*Asks:* 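Got a structure for you, written out below as structure tokens; questions coming shortly.
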There are 2 protein chains.
Amino acid sequence: MASESRDSISSEELVVWRMLQRAQVRITRLLEADLLVEHDLALASYDVLMQLSESPDRRLRMNDLAERVLLSRSGLTRLIDRLQRDGLVEREACASDARGLFAVLTDAGALRLAEATPTYLRGIRAQFLDVLDATELRQCAAMLNKLFPASDT
Amino acid sequence: MASESRDSISSEELVVWRMLQRAQVRITRLLEADLLVEHDLALASYDVLMQLSESPDRRLRMNDLAERVLLSRSGLTRLIDRLQRDGLVEREACASDARGLFAVLTDAGALRLAEATPTYLRGIRAQFLDVLDATELRQCAAMLNKLFPASDT
DNA sequence: CTTAGAACGTTGCACGCGCATCTACATAGC
DNA sequence: GCTATGTAGATGCGCGTGCAACGTTCTAAG
């Protein structure tokens, strides 16, 4: 009953995989909907603001930021365009590398992030964290550590 | 050390949530890339073919299908357009409800699904199932059952 | 110094998706 | 029968994204 997953997949395993897909989509959509309704902020935008706020001097190179928010470079370019248009982020040249640009969180951006954060936290608690108990959360963390080895891109 | 998640979220919890996001995106992208490269089939298309193949008479009402593959009605309309253009699926009128349409898997669609399935299974094994042991898989299933109560939309 | 290659960010383009709207049909109330 | 409300799919439109290509700048080799 131990090893049989070489050439095929049991239907239970398949079910687990599908549930994972559904759960992730469901959580993400509800979270994004809340952010959009209450703060007119897409989830990707929130992620950008959050990453910047946690970075030294509230700034990050475009490239690094793209990796952190799981976006392609071009995708991030457009997203920063929008956030800059809304005054939440600014672009700043990089002294040490003339090719590089920093995306910098503005005060308005920090404020917007602070406003939206309760909604964000409430969402992931309601949809995810509060549903699991402490033990499950630990198990979950352990699994994710295996699924997401340090050598990620 | 048990209950403190009411008004804020510990950073460990936040980390778990972010890892979940990253893991899901990573798995999905690798899987989709494989399907695209080896079979010119998007993940959403594969899901449609799979759902149809598991349904009685290889057919499903557009509405039901949309829910199962987590797509809006309009999204599914276009997706079925494409699959129909490629001969993998056909539309058929519904006798009991003149408004309704069935999406029906064609033989070509079934063949294409069969060809792509090894890639699909290999992907979710490599990215997900094989990374976890039997115990973890059971824990994972238990958590997902809590995250995804039967009363989903 | 010069040249070849790589890296950073932006842009043109096409694609896939959701929302709002529309038409056709169904169902309930009168 | 007729009308009102609801449902199934399709369509117009706009948005966000990735890929390929481009210009600019950095780095390494000669």
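Every value quoted in this text rests on a predicted model; they were computed, and no experiment measured them.
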*Asks:* Find the distance between CG (B/L83) and OG (B/S45) and round it off to the nearest 0.5 Å.
*Replies:* 4.5 Å
*Asks:* For the pair A/E38 and A/R122, find out whether any cationic side-chain nitrogen is under 4.0 Å from an anionic carboxylate oxygen.
*Replies:* yes
*Asks:* Salt bridge between B/E54 and A/R18, side-chain N to carboxylate O under 4.0 Å?
*Replies:* yes
*Asks:* Give the first and the last nucleotide of DNA chain D, reading 5' to 3', that has any atom under 4.0 Å from a heavy atom of chain B.
*Replies:* D/dG6 to D/dG18
*Asks:* More than 12 non-hydrogen atoms from neighbouring residues, nucleotides or ligands closer than 6.0 Å to CZ on A/R73, yes or no?
*Replies:* no
*Asks:* Check ring-ring contact (aromatic ring centres under 6.0 Å, His included) between A/Y46 and all other residues, then give those that pass, not counting sequence neighbours.
*Replies:* A/Y120
*Asks:* Which residue lies toward the 5' end of DNA chain D, A/S74 or A/D97, if each is placed at its nearest nucleotide?
*Replies:* A/S74
*Asks:* B/R82 and B/G75: which non-hydrogen atoms are nearest, and at how many Å?
*Replies:* NH2-O, 4.4 Å
*Asks:* Side-chain donor-acceptor contacts of residues 105-116 of chain A below 3.5 Å, not counting sequence neighbours, with atom names and distances?
*Replies:*
residue, atom, partner, partner atom, Å
A/T106, OG1, A/G87, O, 2.7
A/T106, OG1, A/L88, O, 3.1
A/T106, OG1, A/A108, N, 3.4
A/T106, OG1, A/G109, N, 3.0
A/D107, OD1, A/R58, NH1, 3.0
A/R112, NE, A/H39, O, 3.4
A/R112, NH2, A/H39, O, 3.1

*Asks:* With a 4.0 Å cut-off on N to O distance, would you call B/E13 and A/R125 a salt bridge?
*Replies:* no
*Asks:* Contact list please: residues 46-59 of chain B against DNA chain D, heavy atoms, distance less than 4.0 Å, in numerical order.
*Replies:* none
*Asks:* For B/L101 and C/dA24, what is the distance between atoms CG and P respectively, to the nearest whole Å?
*Replies:* 14 Å
*Asks:* When you measure from the side chain of A/E67 to the backbone of A/D64, do you find a donor-acceptor pair of N or O atoms at a distance under 3.5 Å?
*Replies:* no
*Asks:* Would A/F102 and A/L52 count as a side-chain contact (heavy atoms from CB on, under 4.5 Å) here? Give the steps.
*Replies:* CA-CA 10 Å; A/F102 285 109; A/L52 291 178; over 6 Å; no
*Asks:* Which value, rounded to the nearest 0.5 Å, describes the distance between A/I80 atom CD1 and A/L65 atom CG?
*Replies:* 5.5 Å
*Asks:* With nearest nucleotides of DNA chain C determined for B/G75 and B/A95 from heavy-atom distances, which residue corresponds to the more 5′ nucleotide?
*Replies:* B/G75
*Asks:* Tell me, which of residues 76-90 of chain A have any heavy atom that sits under 4.0 Å from an atom in DNA chain D?
*Replies:* A/R78, A/R82
*Asks:* Please list, for nucleotides 2-7 of chain C, all pairs of protein and nucleotide N/O atoms separated by less than 3.5 Å.
*Replies:*
residue, atom, partner, partner atom, Å
C/dA7, N3, A/R99, NH1, 3.0

*Asks:* Just verifying a value: how many Å separate B/C140 SG and B/L129 CG, rounded to the nearest 0.5 Å?
*Replies:* 9.0 Å
*Asks:* If you take all heavy atoms of A/L101 and A/R91, which pair is closest and at what distance?
*Replies:* CD1-CD, 3.9 Å
